[in-house]
Amino acid sequence: MKNSQDEKQRDLSINKSDGTNKFLTTDQGVRINDDNNSLKAGERGPSLLEDFILREKITHFDHERIPERIVHARGSGAHGFFEVTHPIPELTKAGFLQEAGLKTPVFTRFSTVAGSRGSTDLARDVRGFSVKFYTQEGIYDLVGNNVPVFFIQDASKFPDLIHAVKPEPHNEIPQAASAHDTFWDFISLMPESMHMIMWVMSDRALPRSYRMMEGFGVHTFRLINEAGESSFVKFHWKPKLGTHAVAWDEAQKISGKNPDFHRQDLWEAIEMGNFPEWELGVQIIPTEDENKYEFDLLDPTKLVPEELVPVTIVGRMVLNKNPDNFFAETEQIAFHPGHVVPGIDFSNDPLLQGRLFSYTDTQLSRLGSPNFHEIPINRSIAPVHNNQRDGHMRQEINKGRVSYHPNSLGGGCPYQAKISEGGFSSFEERIDAHKVRERSESFSDHFGQAKLFFNSQTPEEKSHIVKALRFELGKVETTAIRMRMLGLLAQVDTELAEKVAVGLGATVPSNLEFPVNKGVSPENEGGNQEPKTVEQSVSSSEALSMINNPTNSPTIESRKVAILCSDGVSEAAVKNIKNALKKQGAKGFVITPHLGSVVTDNDGALKADFSFLTASSVLFDAVYVPHGLEVAALAENDDALEYLNDAYKHCKVIGADGEASQVLTATAFASKITKEDGGVIVTSEIASEAFAQEFSTAMTKHRFWEREKNLYI
């Protein structure tokens with residue numbers, strides 16, 4: 001029997017519903033009263049397993065992509081070890097932190113967040129920074145990012161955030177980019193994201209290398225000692241090489257020249273013996289100080305300024321071995337913030353609480369089996385004995401007839417461990433609260449720390465944030481979204497908003513109507529308070545600036561220098577700079593008009609590492625032009641000039657000696673060079689040790705960002 005026309009129309013509407021003028025519902029058609037807050041035991045209490053709305057939403061989200069990760073799909077990793085330098089047994093009973101000199105194997109994976117596996121390493125994005133510790137007590141995963149805060153306060157909004165930043169569903173554009181309407185539409189309606197936006201629009205989102213970025217645990221965790229006493233803790237990774245970034249224009253060019261730039265950099269550094277290294281630090285907050293500060297420790301959009309709670313270094317991590325097989329190790333490794341060992345426990349951070357559910361579900365979808373822990377890269381070095389059986393791709397072959405507990409047929413084995421025998425026990429936190437979908441009033445400061453971050457930046461870094469926002473919002477087609485964002489930016493800093501507005505050809509709105517209660521029924525506005533600004537006890541922090549960051553050290557270890565050569569090049573000059581760089585752990589690469597070799601001034605042959613076409617200025621940290629009998633030819637070579645022009649624009653060190661100085665006069669920046677620009681080093685001498693020393697010393701500054709005043713209005 002044929003369907004009626006009405007039935008056909010009904011079927012069509014079901015298949016193509018867009019939700020316009022409809023109530024928000026679960027997949028079962030139940031109308032949702034509050035989509036912004038998970039169900040908790042009290043407004044600052046833990047999330048509840050019975051929250052079927054949260055579980056359904058995150059379960060669907062976790063299974064949307066197979067087999068690549070939904071987020072953090074593009075990454076790179078390496079093996080290494082963690083070594084304790086300052087034991088903290090008074091704070092935690094975790095075995096791997098008890099003894100100075102104790103080494104624990106680790107595997108660390110770095111990644112971008114938004115892009116697919118085939119996207120570029122140099123997207124403006126947060127970077128994942130996750131470490132799997134293979135401890136004697138079991139697996140411990142410290143699953144973090146290179147930014148200490150996050151966009152949202154409650155796990156219920158994580159699927160929405162990622163849906164917004166991913167390519168728009170109607171045309172799958174743009175890839176690995178936040179510069180589009182859906183992302184900024186979401187952000188403009190979520191004022192709690194403003195602190196994170198400052199970080200993502202800063203140079204933190206454009207690291208020079210995985211080896212040159214900090215890592216953070218993001219959430220507040222707990223440490224538990226042998227006496228059962230608890231302290232709150234924030235985890236920090238501090239890079240040995242300092243924190244450094246690339247310029248935005250440079251990042252875009254690197255994406256075209258070598259989209260694997262960060263992955264290749266990590267691989268080559270380890271292969272060459274330049275092992276990446278970080279210090280692990282902790283910020284310890286006594287339990288009695290939980291409510292001491294103007295921010296809430298459970299709020300993942302907030303950090304603890306180091307001026308209030310210093311970072312104590314407890315150990316170091318060294319990555320010294322590349323994977324043998326990318327898929328088997330880097331791709332199949334499965335992290336989970338719920339993988340903890342005795343002595344480490346969770347807080348009631350509502351975003352963390354959601355992650356504790358989400359990660360297992362994600363790995364089940366991505367790796368196809370509850371036995372993902374048996375994949376070699378995920379296996380614990382501690383013995384595993386339990387009553388789990390069967391399942392897809394089971395590796396363990398269990399003997400005997402018993403697979404349950406309690407039992408008598410198996411002698412009661414495997415048996416439960418007492419706390420004194422290393423059995424895991426959760427901190428006994430008293431919880432007595434109503435079940436609510438609310439958010440604590442202490443979470444309502446959405447601008448205080450955004451101001452703190454912006455005020456902590458140098459003038460050059462502030463300029464980069466302005467330009468990033470102009471670029472991102474300039475890609476937004478909907479005027480109303482731009483205006484909402486300008487209003488939010490004005491809450492952070494008036495001058496920031498005005499400068500961004502100039503780039504958009506707009507005016508900052510005089511009044512901001514916070515859209516936080518859109519779609520929330522009047523009787524359930526709890527947890528959706530009017531956003532506010534709370535004055536911070538710390539007005540600025542050097543630790544929040546990449547340029548002024550205390551972790552920066554005057555080193556050029558593993559840096560790369562492009563040496564532009566032509567026929568007749570001075571062999572002594574090239575040898576001189578290479579030796580000077582090598583002494584400090586850096587390396588010079590000979591770049592010539594063509595592959596093969598060029599003739600030197602003493603009729604020798606100098607082998608090319610790259611030609612002008614197979615490499616680019618953006619792939620190096622500095623550019624040097626040595627003296628040569630025919631060096632004038634480079635002044636007429638467009639590719640050579642592009643190396644120099646880009647290096648100057650990207651604020652890198654440039655050097656020339658002898659007759660090579662005439663090449664600089666042919667560049668676009670020749671008239672802009674000033675004596676104050678310590679990043680352009682020229683000498684009439686040839687193969688001068690003093691010149692080589694000045695050149696390598698200038699490289700320790702990383703970039704001469706102040707040069708940008710000659711390039712931009």
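Small disclaimer: the values here were computed from a predicted structure and weren't measured.
The ring pair (Phe, Tyr, Trp, His ring centres under 6.0 Å) contacts involving residues 89-117 comprise His79-Phe107, Phe96-Phe133, Phe96-Tyr140, Phe110-Phe129, Phe110-Tyr210, Phe110-Trp278, where partners must be two or more places apart or lie in separate chains. Identified under the ring pair (Phe, Tyr, Trp, His ring centres under 6.0 Å) test for residues 338-372, with sequence neighbours left out: His336-His339, His336-Tyr359. Screening residues 309-333 for ring pair (Phe, Tyr, Trp, His ring centres under 6.0 Å), with sequence neighbours left out, gives no hits.
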Verdict with reasoning, Asp324 to Lys321, per side-chain contact (heavy atoms from CB on, under 4.5 Å): CA-CA 9 Å; Asp324 292 314; Lys321 181 182 180 300; 3.2 Å; yes
Ser38 and Asp51: CA distance, side-chain angles, deciding distance, side-chain hydrogen bond (donor to acceptor under 3.5 Å, both in side chains) verdict: CA-CA 7 Å; Ser38 54; Asp51 189 352; 4.9 Å; no
Please test Glu441 against Arg44 for salt bridge (charged side-chain N to carboxylate O under 4.0 Å, His left out), starting from the C-alpha separation and ending with a verdict. CA-CA 10 Å; Glu441 173 65 25; Arg44 295 184 70 251; over 6 Å; no
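Counting only heavy atoms from C-beta outward, the side chains of Ile285 and Tyr293 approach each other to under 4.5 Å. In this structure, the side chains of Gln283 and Leu308 stay at 4.5 Å or more apart for every pair of heavy atoms. Using a 4.5 Å heavy-atom cutoff, the side chains of Arg366 and Gln332 are not in contact. At a threshold of 4.5 Å between non-hydrogen side-chain atoms, the residues Asp445 and Glu294 do not count as touching. Contact annotation: the side chain of Lys40 never approaches that of Gln353 to less than 4.5 Å [non-hydrogen atoms, C-beta and beyond]. The shortest side-chain heavy-atom distance between Ile431 and Pro46 falls under the 4.5 Å cut-off. Contact check for Val314 versus Val84: no side-chain heavy atoms found under the 4.5 Å cut-off. Proximity of Asp296 to Gln153: side-chain heavy atoms (C-beta onward) are nowhere separated by under 4.5 Å.
Of the possible polar contacts, none joining the Glu99 side chain to the Leu97 backbone as a donor-acceptor pair under 3.5 Å is found. When atom types are taken as modelled, the side chain of Lys132 and the backbone of Ala334 share a donor-acceptor pair closer than 3.5 angstrom. Not one N or O on the side chain of Glu438 forms a donor-acceptor pair closer than 3.5 Å with the backbone of Gly42.
The side-chain hydrogen bond (donor to acceptor under 3.5 Å, both in side chains) search around Ser209 returns Arg211, Asp265, not counting sequence neighbours. Residues passing the salt bridge (Lys or Arg N to Asp or Glu O under 4.0 Å) test with Glu192 are Arg439, sequence neighbours excluded. Under the rule for a side-chain hydrogen bond (donor to acceptor under 3.5 Å, both in side chains), the partners of Arg222 that lie at least two apart in sequence or sit in another chain are Ser230. Glu307 pairs by the side-chain hydrogen bond (donor to acceptor under 3.5 Å, both in side chains) definition with Ser541, not counting sequence neighbours. By the side-chain hydrogen bond (donor to acceptor under 3.5 Å, both in side chains) test, Ser456 pairs with no residue at all, sequence neighbours left out. Partners of Leu49 by side-chain contact (heavy atoms from CB on, under 4.5 Å), not counting sequence neighbours, listed by chain and number: Arg55. Looking at residues two or more places apart in sequence or on another chain, you find a side-chain contact (heavy atoms from CB on, under 4.5 Å) between Glu229 and Asn225, Ala227. Taking the side-chain contact (heavy atoms from CB on, under 4.5 Å) definition, one finds that Leu409 meets it with Arg401, Val402, Tyr404, sequence neighbours left out. Ser156 is linked by a side-chain contact (heavy atoms from CB on, under 4.5 Å) to Asp35, Leu54, Lys57, Asp154, counting only residues two or more places apart in sequence or in another chain.
In the model, Gln363 has no side-chain atom that pairs as donor or acceptor with a side-chain atom of Thr360 under 3.5 Å. A side-chain donor-acceptor contact under 3.5 Å links Ser111 and His72. Under the 3.5 Å distance criterion, with hydrogens and angles disregarded, a donor-acceptor pair is assigned to the side chains of Ser442 and Ser440. Looking at Asp299 and Thr301, their side chains do bring a donor and an acceptor atom within 3.5 Å of each other.
Ring centers of Trp237 and Phe216: at least 6.0 Å apart, outside the cut-off.
Closest approach of Ala205 and Pro207 over heavy atoms only: C-CD, 3.4 Å.
For the pair Arg74 and Glu68, the salt-bridge criterion is not met [side-chain N within less than 4.0 Å of a carboxylate O]. Contact check on Lys240 versus Glu279 returns no salt bridge, with no Lys/Arg side-chain nitrogen under 4.0 Å from an Asp/Glu carboxylate oxygen. The pair Arg316-Glu83 meets the salt-bridge criterion, with a side-chain N (NZ, NE, NH1 or NH2) lying under 4.0 Å from an Asp/Glu carboxylate O.
Taking the ring centre of Phe81 as origin, the terminal cationic atom of Lys103 falls inside the region bounded by 6.0 Å and 45° from the ring axis.
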